[in-house]
Each structure stands twice: as C-alpha cells, then as structure tokens.
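Given the structure is predicted, the values throughout are model-derived calculations rather than measurements. The figures that follow rest on heavy atoms only: side chains count, while hydrogens, waters and symmetry mates do not.
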Amino acid sequence: MKISIYTEAGRNFGYGHIVRCSAIAEAFVELNCEVQFFINGDNGAETFLPNLKYTLMPWSEKPVQDSGGLVIFDSYSASMDSMRKISGDCEVLFIDDFQRLEYPSNSWILNACPGISQQMYPNNRKVFLGPNYLPLRKDFWDIRVKDIRKFGNINRILVMFGGSDIKNLTPITIDYLLKNLPDVQVITIQGRESRSLSELTRLKNIHNRLQLYIQPKMQDLIALMLEADLAISAAGQTLQELAFLGLPTIAIQVADNQSNNLRGWSENKAIVPVVKYDSTNFHSKLNVALEVLKSSRRRRKYSYEIMKLVDGQGARRLAKSIMQII
C-alpha cells in the first residue's frame with residue numbers, strides 16, 4: 001500500500017511533526033507499505049528520516065493531487081482547501097492536537113493527547129484517540145521500562161525545548177538552574193538549527209556544570225534521558241518520549257497547540273505543568289515546580305503514573321488498525 005505523508009519541519013516550524021510522522025512511517029514500512037514524505041521546510045528535516053523517501057516542497061502553497069493509497073497530513077499551517085486538493089478521493093488521516101480545523105466526516109483523525117474524548121470530534125467516527133496511539137520513534141518501541149529508574153537526589157537535570165527551540169527558552173531556563181541549584185549538573189540537547197546555540201555555547205564556556213549536545217545519535221539521546229533525574233521540556237513530542245521513559249518532567253507550553261497535551265498529562269498526575277513560555281512570573285513558577293519534584297518519593301510516584309499511560313506501541317497500533325480497516 002502507498003502512504004503519502006505531508007508535513008512541515010525546520011527552523012521555523014520545529015521538528016515535532018516530522019518526529020511523530022517518522023514513527024508512523026516506520027510502522028507502515030514494517031507492514032510492507034511504501035512511504036513517501038512531502039515536507040514544507042528546510043534540510044534540517046533529513047536527520048529525522050533515515051532510510052525514508054522525502055521531497056522538500058511548499059506543498060500547501062502549490063497543492064497537487066496525490067495518486068491513491070493513504071494520505072496523512074500533519075500541519076499547523078495548511079488550509080483545508082489545499083489538503084482537499086491534494087488528497088482528492090484518497091483515504092485521509094489528519095493528525096491533530098487541538099481541533100485546528102473542522103475535518104471531513106469521512107476522514108481518519110489521530111489525536112494522541114491524554115484525556116481526549118470523542119466529543120472533541122462530534123462529526124467524525126473514524127478516530128484514534130489518546131496515548132494508546134501515541135507515535136514514538138522506532139528506537140523507543142522495544143525498550144523495557146519496568147524498574148528502569150532509580151530515585152535519589154536530583155543530580156542531573158535534562159533541558160529540552162525541541163530541536164529548534166522556537167521560543168529560545170533554553171538559555172534563560174539553564175541560566176536560572178545554574179544560578180539557583182549549585183550542586184546540579186545541567187544537560188541540554190539541541191538541533192543544529194536551534195535558535196539557542198550561540199547563547200548556550202557561551203554559557204557552556206562559563207559553567208563546567210553545563211553539558212551541551214547537538215543532535216546526538218538516537219542511542220545517545222535515549223541514554224541521556226535515562227541518566228537524568230528530572231527534565232524540563234516543552235509540552236510537545238519530546239514530552240511524550242520522556243513520559244514513556246518515566247522521567248519526571250516539568251512541562252512548559254511553548255505554543256497554543258500544546259494546551260491539550262499539557263492539560264492531559266497534568267490531569268493524570270504525570271507531569272508538573274508550569275506556565276506558558278511568555279508568563280511574567282516564569283521563574284517563580286519554575287521554582288515552585290522544582291520544589292514539588294525535590295522529593296524522591298514524589299518523583300517516583302510521577303514516574304509510575306507516567307508509565308501507566310504509554311506503552312511505546314502507539315505507531316504500530318495505529319498502522320495495524322488502519323491496515324485492518326482500509
């Protein structure tokens with residue numbers, strides 16, 4: 001079966017879309033499907049598409065009808081008109097986080113945020129909702145997470161705001177941690193196109209407690225996530241991966257489309273939410289959240305609650321479900 005994935009990625013879009021779409025693509029490839037990506041963005045996307053075919057093109061501005069199979073859209077910017085022109089009579093899956101558009105009643109919808117109900121899509125009956133369908137990258141699928149963590153003092157804090165750090169939050173967060181937690185080592189992971197790189201390089205030269213990793217290999221990224229005692233993350237795709245590994249996380253909303261994700265994880269007592277990135281009391285809220293997670297007992301509880309919600313098999317579950325129905 002042919003699968004066409006239309007999405008966006010790069011310095012201006014971030015990389016959350018391409019990360020979750022690559023997970024879905026790998027699951028379809030595992031079922032012997034042929035997958036092709038069409039990406040509105042820049043060359044930074046290629047890192048997230050090992051062994052997958054892709055074309056860089058402004059597909060939403062110049063829509064051309066696709067030819068058969070399943071068409072998947074993951075976009076916060078494309079109009080419904082352009083997506084209709086592309087999909088034509090094909091089966092269509094829309095990946096959505098916040099009911100961005102009114103989707104055609106005969107289309108598929110994926111919203112993997114915790115706590116999402118059918119009421120959010122009253123006109124759609126072909127829906128995949130909640131963390132059971134959460135698409136994590138292939139490298140996470142077969143990790144055994146039971147008893148994977150130990151809980152003691154907070155010695156290592158991981159700071160991740162996505163590959164491009166579109167709001168340039170990492171430097172101010174790390175600067176606060178280094179000044180207020182003198183015994184803690186801070187680790188941050190950035191993409192090559194991150195807005196924060198120059199400032200983080202400056203901080204790294206000043207503070208030997210800061211470790212900066214630029215687009216590490218997946219096995220190294222996972223190792224850093226496993227070694228950390230606590231994470232501070234944006235409330236998008238990175239949060240989902242940290243959740244699967246049971247890492248207690250302080251989550252910060254950096255975009256409106258992350259509100260459902262933040263609320264869902266928070267209501268399940270799986271994360272400590274802070275505020276939106278532009279809150280005037282950002283540092284004081286961050287400090288309160290750090291106090292909440294200072295207790296190893298409380299971090300253990302959060303970790304267990306997180307791991308109840310996601311088993312890492314969401315991409316496979318989604319692909320198999322679609323293939324059984326189409």
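Here Ile166 contributes atom CD1 and Glu193 contributes atom CD; the two are 14.5 Å apart, rounded to the nearest 0.5 Å. To the nearest 0.5 Å, the span separating OG1 on Thr7 from CG on Leu49 amounts to 9.5 Å. Rounding to the nearest 0.5 angstrom, the gap separating the OG atom in Ser75 from the CE atom in Met83 is 6.0 Å. The distance from atom OG of Ser22 to atom OH of Tyr15, rounded to the nearest 0.5 Å, is 13.5 Å. Glu61 CD to Ser82 OG: the interatomic distance, rounded to the nearest 0.5 Å, is 9.5 Å. Interatomic distance, CD1 of Ile306 versus CZ of Arg149, reported as 8.5 Å (0.5 Å rounding).
Listed by first and then second residue, the salt bridge (Lys or Arg N to Asp or Glu O under 4.0 Å) pairs that reach into residues 67-81 are Arg20-Asp74, Asp81-Lys85, sequence neighbours excluded.
In this structure, Glu8 contributes its side chain and His17 its backbone to no donor-acceptor pair below 3.5 Å. Side-chain atoms of Asn153 never come within 3.5 Å of backbone atoms of Asn155 as a donor-acceptor pair (strictly under, hydrogens ignored). Side chain of Lys126 to main chain of Asn106: a donor-acceptor pair is present (N/O by atom type, distance under 3.5 Å, no hydrogens or angles). Although no hydrogens or angles enter the test, the distance criterion places no donor-acceptor pair under 3.5 Å between the side chain of Glu241 and the main chain of Ile222. The main-chain N or O of Leu293 is found under 3.5 Å from a side-chain atom of Arg299 such that the two form a donor-acceptor pair. Asp229 places a side-chain N or O within donor-acceptor distance of the main-chain N or O of Arg156, the cut-off being under 3.5 Å. The main-chain N or O of Leu169 is found under 3.5 Å from a side-chain atom of Asp165 such that the two form a donor-acceptor pair. Looking at Thr201, its side chain does come within 3.5 Å of a backbone N or O of Leu197 through a donor-acceptor pair.
When all heavy atoms of Leu203 and Ile174 are compared, the closest pair comes out as CD1-CG2, 4.4 Å. What you find for Ile326 and Leu70 is that their closest heavy atoms are CD1-CD1, 4.3 Å. Contact between Arg209 and Leu181 at its shortest, heavy atoms only, is NH1-O, 2.9 Å. Annotation for Ser196 and Gln190: closest pair CB-OE1, 3.9 Å, computed over non-hydrogen atoms. Among all heavy-atom pairs drawn from Thr249 and Ser233, the shortest one is CG2-CB, 3.9 Å. Between Asn260 and Asp97, the closest heavy-atom pair is ND2-O, 2.8 Å.
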What's the verdict on side chain to side chain donor-acceptor pair (under 3.5 Å) for Asn124 and Tyr103, showing C-alpha distance, side-chain angles and the deciding distance?
CA-CA 8 Å; Asn124 301 90; Tyr103 298 101; over 6 Å; no

Going through the distances and angles, do Ile232 and Leu177 end up as a side-chain contact (heavy atoms from CB on, under 4.5 Å)?
CA-CA 11 Å; Ile232 301 174; Leu177 295 175; 3.8 Å; yes

Chi angles and distances behind the side-chain contact (heavy atoms from CB on, under 4.5 Å) call for Met160, Leu221:
CA-CA 11 Å; Met160 293 183 67; Leu221 170 63; 4.0 Å; yes

Determine, stepwise, if the pair Leu318 / Leu93 fulfils side-chain contact (heavy atoms from CB on, under 4.5 Å).
CA-CA 11 Å; Leu318 173 70; Leu93 170 69; 4.3 Å; yes

For side-chain contact (heavy atoms from CB on, under 4.5 Å), just list the numbers for Asn12 and Asp42, CA-CA rounded to whole Å, side-chain angles, deciding distance to a tenth of an Å, and then say yes or no.
CA-CA 9 Å; Asn12 295 324; Asp42 54 51; 6.0 Å; no

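Tracing side-chain contacts under 4.5 Å through hydrophobic residues (I, L, V, M, F, W, Y), one reaches Tyr176 starting from Leu230; they form part of the same cluster. Cluster annotation: Val145 and Leu239 are assigned to the same hydrophobic cluster (Ile/Leu/Val/Met/Phe/Trp/Tyr, side-chain heavy-atom contacts under 4.5 Å, transitive). Follow the hydrophobic side-chain contacts under 4.5 Å out from Phe244 and you never reach Ile24; the two are in separate clusters. Connection of Ile3 to Val92 is not established within any shared hydrophobic cluster, with ILVMFWY side chains joined at heavy-atom distances below 4.5 Å, either directly or through further cluster members. Taking hydrophobic clusters as Ile, Leu, Val, Met, Phe, Trp and Tyr residues chained together by side-chain heavy-atom distances below 4.5 Å, Leu110 does not share a cluster with Leu134.
Within the 4.5 Å cutoff, the side chain of Cys21 has heavy atoms near those of the Ile95 side chain. Contact check for Phe94 versus Arg100: no side-chain heavy atoms found under the 4.5 Å cut-off. Counting heavy atoms from C-beta outward, Glu102 and Met80 have side chains that stay 4.5 Å or more apart. Counting heavy atoms from C-beta outward, Phe13 and Ile18 have side chains that stay 4.5 Å or more apart. Glu91 is listed as a side-chain neighbour of Trp108, based on a closest heavy-atom distance under 4.5 Å. Here the side chains of Phe140 and Met225 are in contact, with some heavy-atom distance below 4.5 Å. At least one side-chain heavy atom of Arg125 sits less than 4.5 Å from a side-chain heavy atom of Gln118. Taking the side chain as every heavy atom from C-beta outward, Leu226 and Ile143 never approach each other to under 4.5 Å.
Within 6.0 Å of CG in Asn205 there are more than 12 heavy atoms belonging to other residues, nucleotides or ligands. By the neighbour-count criterion of 12 heavy atoms within 6.0 Å, atom NZ of Lys2 is densely surrounded, having more than that number from other residues, nucleotides or ligands. The number of heavy atoms from other shown groups lying within 6.0 Å of CG (Asn287) is above 12.
Ring centroids of Phe38 and Trp59 are separated by 6.0 Å or more, keeping the two rings apart.
Take Lys320 and apply the salt bridge (Lys or Arg N to Asp or Glu O under 4.0 Å) test, not counting sequence neighbours, and it matches no residue. Judged as a salt bridge (Lys or Arg N to Asp or Glu O under 4.0 Å), and not counting sequence neighbours, the contacts of Asp142 are Arg316.
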